[in-house]
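Below is one structure, written out as structure tokens; the observations come after it.
What you see is a predicted model, and the numbers here were worked out from it, not measured in a lab.
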Amino acid sequence: MAAAMTLAACNSRVNPFFEEWTTPYGIPPFDKIQISDYLPAVKAGIDEQRAEIAAIVANPDTPTFENTIVPYELSGGLLAKVTGVLYNVSETESTDALNEVMDEVTPLVTDLENDIMLNKGLYERIKAVYEADQSSLTREQQVVLEKLYKYFENSGIGLDEAAQSELKEINGKIAVASQKFGNNLLAENNAFAEKFGISVSMYSANMTTCEDRNLREQMFKAYSMRGHNGNENDNRALATEILALKTRKAQLMGYESAAEYLLNDKMAHDPQTVDSFLAEIMEASMKAAKADIIDMQKVMNEDIKAGKVPAGSKIQPWDWFYYAEKVRMAKYDLDESITSQYFAMENVRKGVFETAHLLYEINVEPLNDVPVYNPGVETFKVTDADGSLIGIFTTDYFPRSTKRGGAWMNNIREQYVDANGNDVRPIIVNVGNMTAPTDSTPGLLTIDEVQTVLHESGHALHGLLAKCHYKSVSGTNVTRDFVETFSQFNENWAFQPEILAKYAFHYKTGELIPADLVEKINNALKFNQGFTTGELCAASILDMKLHETPIAIGENFDLDAFETKVCKEMGLIDEIIPRYRTTYFNHIFNSGYSAGYYGYLWTEVLDKDAFDYFVKNGMFNHEISMKFRRTFLEKGGSEEPMTLYLSFTGADPDPSALLRARGLK
């Protein structure tokens, strides 16, 4: 690091990552950071963390929590500072130059992670602390210790030298291939946008309103064949390679399949539990979907009589959105071109802030004249009822060609307590690809987009409200099949009349959304759930089956035939495809949801059961909402998930809560 700083000084410019940031609240100085700054800063951060780990191992004193676990938790500060920025901008401001940086950084960081998790000296010290008397430790410290010990146990520390060498090679290959998978998908998404003039995030909305059936078919085929076109961005070989590498890694660790290995430390624990859980949901979904097809076919038949559709036409996958919308309009008299006029993005975001204030006593105010990584980004200061800082919240809601599809939450800086006892408050980003403003209108959101904004702000609250000592359990650092509980729980507030009264105003007139329109929205929320739940469940099952199937490295695995077989066996009807097909399933190949996409449905049982608890005890009961904040949002992963859940509701969650909430039971 010293050498890097000296070199920078000779060039009369200091790399911003090597300086203490004097920006308000430590917000990264995006306006000063250059692409050329990332690689030397990452390398310096890696060297720094290697030295910190070496110092822990070399300590001659008897291993304790304070001299082993605490310095481990605090290690890697510079690297976290750099990657907190880099990983965010690489997903939102992607360029060829930045992709080249990521191509260099990814294997370097992976090598560091490999060397740490396979460091026997470090492991022996952690093991000694774990096996010693823990009675003097706080509950959070006990959880941190157990999580760290199991991480090492689950990462190959017990393997012989040859197996560890192979494991390192596998981890490196997975990291590089995953990065390539994401880059290919971004290119495919941009190609779709260039062809049809809409981003992939607007696909479903356009399919809903597009009257040209031939164009709908073209859009469907282009959308569903992303990463599957035989060009330089084809992801089939990469997906197969990643799956085979994961299989081999699992087998090295003593498991038959990647799914068994990946689930061993999750709430569900094993593939059989997940498979059984998903099968029940799929059965209920397809039963509802088949009934919906009958209604849609009746509407299509009217179009056949009118000569709009050829005789004998049947509902196809590219017809679903269009005719489902027609049925919804007929059943509920609900037109999204009208509802969206009450959901201007700025107002919806205000509703998010007002809801958080009502429930959790927090306040949000805009921060102007602070650095941002893109002109479309806005930044806010979040404070508690007593005025103390909770954190910094940044929103980046609209699509652009440099941003990957979907919506997500990132930590630029996580909450933790530093070596001097200071509570470092987080910097959280919500990213989305919502309906963009035009020259004449603001960004007017669909009902689904409103729910997405609430969803991601739920993740943000989980990160912002954290009150932990250690990064490894702070905020959203919980098991993958628990993390979506709080994002999905937050969606429940979106269309409550009391909440709508705070944000749903017509973008032109300022009129509050009429009560009859609110009633129509809430009545229609359970409509088309056979499709909505079915495509989500199908993707979850596909994810599981891909990871349950052992694939040998170099095997000529027919990915297309496998996906077709899985869809047939799960009972997915021909008119529906999985929400994500394999070649554009970024969640499981590049976003940490491998054998974990089921988590959205798994946690929905928890979130709907928890919301039922609110309803039964007073939806806006201040005592209950503050209990929710203290029990879940502040504690992060510092306690076992079900221990937290039982302490909140006092009972096990009702497995039927999800199906009831979706109108499937």
Take M219 and K195 through the side chain to side chain contact (heavy atoms under 4.5 Å, CB included) test and state the conclusion after the steps. CA-CA 9 Å; M219 285 197 291; K195 183 174 181 179; over 6 Å; no
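- For the side-chain contact (heavy atoms from CB on, under 4.5 Å) with N171, the qualifying choice from L118, D111, N114 is N114, the only one to do so.
- Scanning both residues, E548 and P271, for their nearest heavy atoms gives OE2-CB, 3.5 Å.
- The nearest pair of heavy atoms linking P366 to F380 is CA-CD2, 3.6 Å.
- Remark: the backbone N or O of A539 is not paired with any side-chain donor or acceptor of R579 at under 3.5 angstrom.
- N477 contributes a side-chain N or O that, together with a main-chain N or O of S474, makes up a donor-acceptor pair within less than 3.5 Å.
- Here the side chains of T583 and E188 are not in contact, with every heavy-atom distance at 4.5 Å or above.
- Without hydrogens or angle criteria, D234 side chain to N229 main chain gives a donor-acceptor distance under 3.5 Å.
- By the 30° and 60° cut-offs, the orientation of the rings of Y580 relative to Y597 is perpendicular.
- Using a 4.5 Å heavy-atom threshold, the side chains of I412 and T394 count as separate.
- When all heavy atoms are compared, the tightest approach of N590 to G182 is ND2-CA, 3.7 Å.
- Between the side chains of N235 and Y584, no donor N or O sits under 3.5 Å from an acceptor N or O.
- Checked by atom type, the side-chain pair S457/N490 shows a donor-acceptor distance below 3.5 Å.
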Under the side chain to side chain contact (heavy atoms under 4.5 Å, CB included) rule, what do N374 and T92 come out as? Steps first, then yes or no, please. CA-CA 9 Å; N374 184 281; T92 56; over 6 Å; no
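- Here the straight-line distance linking atom CD of E169 with atom OG1 of T110 works out to 13.0 Å at 0.5 Å rounding.
- Under the 3.5 Å distance criterion, the side-chain polar atoms of T435 are left unmatched by any main-chain donor or acceptor of L445.
- With respect to E336 and R328, a salt bridge is recorded, a charged nitrogen being found less than 4.0 Å from a carboxylate O.
- Closest approach of N233 to N231, counting heavy atoms only: N-OD1, 2.9 Å.
- Looking only at atom types and distance, the side chain of R226 has a donor-acceptor partner in the side chain of N189 under 3.5 Å away.
- Residue L186 comes nearest to K403 through the heavy atom pair CD1-O, 3.4 Å, listed as atom of the first residue, atom of the second, then distance.
- Under the 3.5 Å distance criterion, the side-chain polar atoms of E575 are left unmatched by any main-chain donor or acceptor of I293.
- Side-chain contact between F220 and Y203 is present, with at least one heavy-atom pair separated by less than 4.5 Å.
- The closest donor-acceptor contact from the side chain of S201 to the backbone of N433 lies under 3.5 Å.
- The side-chain contact (heavy atoms from CB on, under 4.5 Å) test with K565 is passed by exactly one of E569, E563, K568: E569.
- Within the model, atoms SG of C567 and NZ of K545 stand 12.0 Å from one another, a figure rounded to the nearest 0.5 Å.
- Taking CG of L601 as the reference point, atom CG of L536 lies at 4.0 Å (rounded to 0.5 Å).
- Remark: I588 CD1 to K246 NZ distance equals 6.5 Å, nearest 0.5 Å.
- Put simply, the side chain of L444 reaches to within 4.5 Å of the side chain of Y507, judged on heavy atoms.
- Checked by atom type, the side-chain pair E484/H459 shows a donor-acceptor distance below 3.5 Å.
- In this structure, E166 and R248 have side chains that are in contact, with non-hydrogen atoms separated by less than 4.5 Å.
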I'd like to know whether D292 forms a side chain to side chain contact (heavy atoms under 4.5 Å, CB included) with N528, so could you lay out the CA-CA distance, the side-chain angles of the two residues, the decisive distance to 0.1 Å, and finally the verdict. CA-CA 7 Å; D292 288 339; N528 200 33; 4.0 Å; yes
Scan the side chains in residues 550-562 for donor-acceptor partners under 3.5 Å anywhere in the protein, sequence neighbours excluded, and list what turns up.
unit_1, atom_1, unit_2, atom_2, d
E555, OE1, A552, N, 2.8
D558, OD1, D560, N, 3.3
D558, OD1, A561, N, 3.0
D560, OD1, H228, NE2, 2.7
D560, OD2, H228, NE2, 3.2
D560, OD2, R236, NH1, 3.2

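- Between H587 atom NE2 and D543 atom CG the span is 10.5 Å, to the nearest 0.5 Å.
- R13 has a carboxylate O that lies under 4.0 Å from a charged side-chain N of D37, or vice versa, which qualifies the two as a salt bridge.
- Contact annotation: the side chain of V176 never approaches that of Q179 to less than 4.5 Å [non-hydrogen atoms, C-beta and beyond].
- Atom NZ of K173 is separated from atom CD of E241 by 7.5 Å, given to the nearest 0.5 angstrom.
- Between Y593 and Y600, a ring centre-to-centre spacing shorter than 6.0 Å is recorded.
- In summary, of the residues considered (D212, N206, N214), a side-chain contact (heavy atoms from CB on, under 4.5 Å) with C210 occurs for D212 alone.
- No salt bridge links D103 with K180; every basic N to acidic carboxylate O contact stays at or beyond 4.0 Å.
- With a 6.0 Å radius and a threshold of 12 heavy atoms from other residues, nucleotides or ligands, D574 has its CG atom at or below the threshold.
- Listed by chain and residue number, S94 satisfy the side chain to side chain donor-acceptor pair (under 3.5 Å) test with N99 (two or more places apart in sequence, or in another chain).
- Taking the six-membered ring where tryptophan is involved, the planes of F192 and Y223 are perpendicular, since the angle between them exceeds 60° and thus also 30°.
- Seen from the ring of W21, K81 counts as a face-on cation partner, given the 6.0 Å and 45° thresholds.
- Between the side chains of N410 and E91, a donor-acceptor pair is found at a separation under 3.5 Å.
- With sequence neighbours excluded, no residue forms a ring-ring contact (aromatic ring centres under 6.0 Å, His included) with F393.
- Scanning both residues, P371 and I27, for their nearest heavy atoms gives O-CG2, 3.8 Å.
- The backbone N or O of G592 lies less than 3.5 Å from a partner atom in the side chain of R480, making a donor-acceptor pair.
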Working note: Y373 + D396, criterion side chain to side chain contact (heavy atoms under 4.5 Å, CB included); need CA distance, chi angles, decisive distance, verdict. CA-CA 10 Å; Y373 59 83; D396 180 5; 2.7 Å; yes
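- The shortest distance between side-chain heavy atoms of Y255 and L262 does not fall below 4.5 Å.
- For the pair K221 and E217, the salt-bridge criterion is met [side-chain N within less than 4.0 Å of a carboxylate O].
- Contact of the N154 side chain with the Y261 side chain is registered, since non-hydrogen atoms from C-beta on lie closer than 4.5 Å.
- We find that K314 and D319 are not joined by a salt bridge, their nearest charged nitrogen and carboxylate oxygen being 4.0 Å or further apart.
- For the pair R216 and Y322, the distance from NZ or CZ to the six-membered ring centre is under 6.0 Å and the angle to the ring normal is within 45 degrees.
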